[in-house]
Enquirer: 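Before I ask anything, here is the structure I am working with.
Order of the sequence lines fixes the chain letters, A, B, ..., with proteins taken first and strands second; residue numbering starts at 1 for each chain. This one's a predicted model, so the numbers in the text were calculated from it and none came from an experiment.
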Protein chains: 2
Amino acid sequence: MMARRKAGLGERHKKILKFLEKFQSENGFPPSIREIGENTKISSTSVVNYYLNQLEEMNFIERESNVSRGIRLVRTLEGNLMQTAKAITDMFTVPVVGRIVAGEPVPVPSSDFNYYDQETGIDIARSLLPPREKTEDLFALEVQGDSMIDAMVNDGDIVIMRPITQVENGEMVAVWLSDRDETTLKYFFNENGKVRLQPANPTMKPIIIDNPAQVKVQGKVVLVIRRMENV
Amino acid sequence: MMARRKAGLGERHKKILKFLEKFQSENGFPPSIREIGENTKISSTSVVNYYLNQLEEMNFIERESNVSRGIRLVRTLEGNLMQTAKAITDMFTVPVVGRIVAGEPVPVPSSDFNYYDQETGIDIARSLLPPREKTEDLFALEVQGDSMIDAMVNDGDIVIMRPITQVENGEMVAVWLSDRDETTLKYFFNENGKVRLQPANPTMKPIIIDNPAQVKVQGKVVLVIRRMENV
DNA sequence: ATAATACACGAACATACGTTCGATGTCAAG
DNA sequence: CTTGACATCGAACGTATGTTCGTGTATTAT
């Protein structure tokens, strides 16, 4: 018995895989056999079928028999193990509504804020948040300046927040301190009528506020993302 | 003329949307009209068609005419603006290969490491990385302890890294300092034969290493993710 | 020379599938 | 009571779609 097929992908395999990724990305559903053929210069549906069967054997795709567009991408050409099945409900976009700087209050979106019309957003995998966390009111802010370093948050970091009406002890919140004209990110504790704002950096001391009225909690931090760029 | 339909979704709309999300999530492709009917107790394909047309008018889905399974989810029942079209190529999983602690070298995966067999991974939106960044060699580590605070990285943070063979000035890297038996995360600079390791925290001083042989660069940091949990 | 396998293809076929049509029922307003 | 809008449904139809079959060529091992 003579196996002449290369261990691995031929040119047509690669072309088909690339097209599958592109089509699904652009359309939200897989292509048909005929659409694959039309876009990979394969004139016969049986040849496309032949290659799809091989891609299935090599665990790049899964197929459902006798189902139109019944192709599920399992692995991309780059080799990434794609969780196609997870994608639809497990990634979402959080609108970036502005910047967080020390000298201004956090720009919390108002209740009539239209999340759908935002031009910039940051994509987040759902699994980064607890399952019970609602995702629809989240907003993102980009940190500007070094004023948040006691929160272990750097210039340029993305902070994902949610508006809250009631803060619980131990939550990481953005607070506006009216007596200092300052926004800060701290762990919040209400202790015997006083507010303790605890930095994330364990080597730093907390702020004690005797008059809780001076503390305006503007939102809770649920995620911080730092994209590394060279300095 | 009398409009009796509620502004918004009826019970059948909601059932259909939920099923669309679930089916696509589990199968990687949308259901057919008949499959929707079978799973929402609607016995007629024309009724399903009737409701799908309304969901399209309300911008929950987009449809392709005369295309089997030509349904694209645009918005979920929760209201999230889902980028169905982006999902297939724009989210991937990075395996979590261990922990990064100060007193041990970084557990960099070996070159025969099987990324596909990892049981735990962290899901990342592709758009969080630069377009040219390759994604297949990335690995994730969970930070253990307070030793990375000068890198603005907290206990419990997830650090996404890649192996590198050659470090460029200004890159954030994990280095093992053999004379100190310590791993640290720093911006790397090679200056006149000496290595300067610059903390991310701008208030802290760099480490100057006269003998570069003592510095083992173990990987480059490309992303840091901090999931907020209460303290 | 022969056999086996891979690769390529067109054609035919049956089923999957979406759309359309006509009919019926309910409800609220006039 | 009538009318119009909305909801519901079965049936029919035509097209979209995947699978199968038979054929041909090229290559390699026996």
Enquirer: Got a sec, which residues hit side-chain hydrogen bond (donor to acceptor under 3.5 Å, both in side chains) with A:R63, two or more places apart in sequence or on another chain?
Expert: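 side-chain hydrogen bond (donor to acceptor under 3.5 Å, both in side chains) list for A:R63, sorted by chain: A:N49, A:N53.
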Enquirer: Among all residues two or more places apart in sequence or in another chain, which pass the side-chain hydrogen bond (donor to acceptor under 3.5 Å, both in side chains) test with B:Q144?
Expert: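 Result, side-chain hydrogen bond (donor to acceptor under 3.5 Å, both in side chains) vs B:Q144: B:R99.
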Enquirer: So, using ring pair (Phe, Tyr, Trp, His ring centres under 6.0 Å) as the criterion, who are the partners of B:F188 when residues are at least two apart?
Expert: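 In terms of ring pair (Phe, Tyr, Trp, His ring centres under 6.0 Å), with neighbours along the sequence ignored, B:F188 is linked to no residue.
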Enquirer: Do any side-chain nitrogens or oxygens of B:Q54 fall under 4.0 Å of OP1 or OP2 in D:dC6?
Expert: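 No, B:Q54 has no side-chain N/O under 4.0 Å of OP1/OP2 on D:dC6.
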Enquirer: Is there side-chain contact between B:I124 and B:I225, with heavy atoms separated by less than 4.5 Å?
Expert: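 A side-chain contact under 4.5 Å exists here.
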Enquirer: Please name all residues satisfying salt bridge (charged side-chain N to carboxylate O under 4.0 Å, His left out) with A:E62, sequence neighbours left out, ordered by chain then number.
Expert: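 Only A:R72 meet the salt bridge (charged side-chain N to carboxylate O under 4.0 Å, His left out) criterion with A:E62.
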Enquirer: Please state how far atom CD in B:E11 lies from atom C1' in D:dC6, giving the value in whole angstrom units.
Expert: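 Going from B:E11 (CD) to D:dC6 (C1'), I get 17 Å.
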Enquirer: How many whole angstroms separate atom CZ of B:R63 from atom P of C:dG18?
Expert: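 Atom CZ in B:R63 sits about 8 Å away from atom P in C:dG18.
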Enquirer: Listed by chain and number, what are the side-chain hydrogen bond (donor to acceptor under 3.5 Å, both in side chains) partners of A:R69, not counting sequence neighbours?
Expert: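 In terms of side-chain hydrogen bond (donor to acceptor under 3.5 Å, both in side chains), with neighbours along the sequence ignored, A:R69 is linked to A:E35, B:S68.
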Enquirer: What's the CG-C1' distance between A:N53 and C:dA6, to the nearest Å?
Expert: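 Interatomic distance, CG of A:N53 to C1' of C:dA6: 14 Å.
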Enquirer: Mind calculating the distance between CD1 (A:I71) and P (D:dA16) to the nearest angstrom?
Expert: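 In whole Å, D:dA16 P and A:I71 CD1 are 18 Å from each other.
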Enquirer: Using a 4.0 Å heavy-atom cut-off, does B:N49 contact any base of the nucleic acid, only the sugar-phosphate backbone, or nothing at all?
Expert: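 Answer is base: heavy atoms of B:N49 come under 4.0 Å of a base.
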Enquirer: Rounded to whole Å, please give me the gap between OH in A:Y50 and C1' in D:dG18.
Expert: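 Computing the A:Y50:OH to D:dG18:C1' distance gives 18 Å.
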Enquirer: Rounded to whole angstroms, how far apart are CD on B:E64 and C1' on C:dC17?
Expert: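 From B:E64 CD to C:dC17 C1': 15 Å.
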Enquirer: Taking B:E26 first and then B:K22, would you say they form a salt bridge - that is, a charged N and a carboxylate O separated by under 4.0 Å?
Expert: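 Answer for the salt bridge query: yes.
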Enquirer: Using whole Å, what does the distance between atom C1' of nucleotide C:dC17 and atom CZ of B:F23 come to?
Expert: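 Atom-to-atom, B:F23 to C:dC17, this comes out as 13 Å.
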Enquirer: Report the distance from atom CG of B:N66 to atom P of C:dA16, rounded to the nearest whole Å.
Expert: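 From B:N66 CG to C:dA16 P: 19 Å.
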Enquirer: From the list C:dC21, D:dT17, C:dC17, which nucleotide is the closest neighbour of the side chain of B:S46?
Expert: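 Nearest nucleotide to the side chain: C:dC21.
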Enquirer: Quick one, which residues of residues 32-45 of chain A touch DNA chain C with a heavy atom under 4.0 Å?
Expert: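 Hits under 4.0 Å, by residue number: A:S43, A:S44, A:T45.
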Enquirer: Would one find a side-chain N or O of B:R12 under 4.0 angstrom from OP1 or OP2 of D:dC9?
Expert: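 Result: yes.
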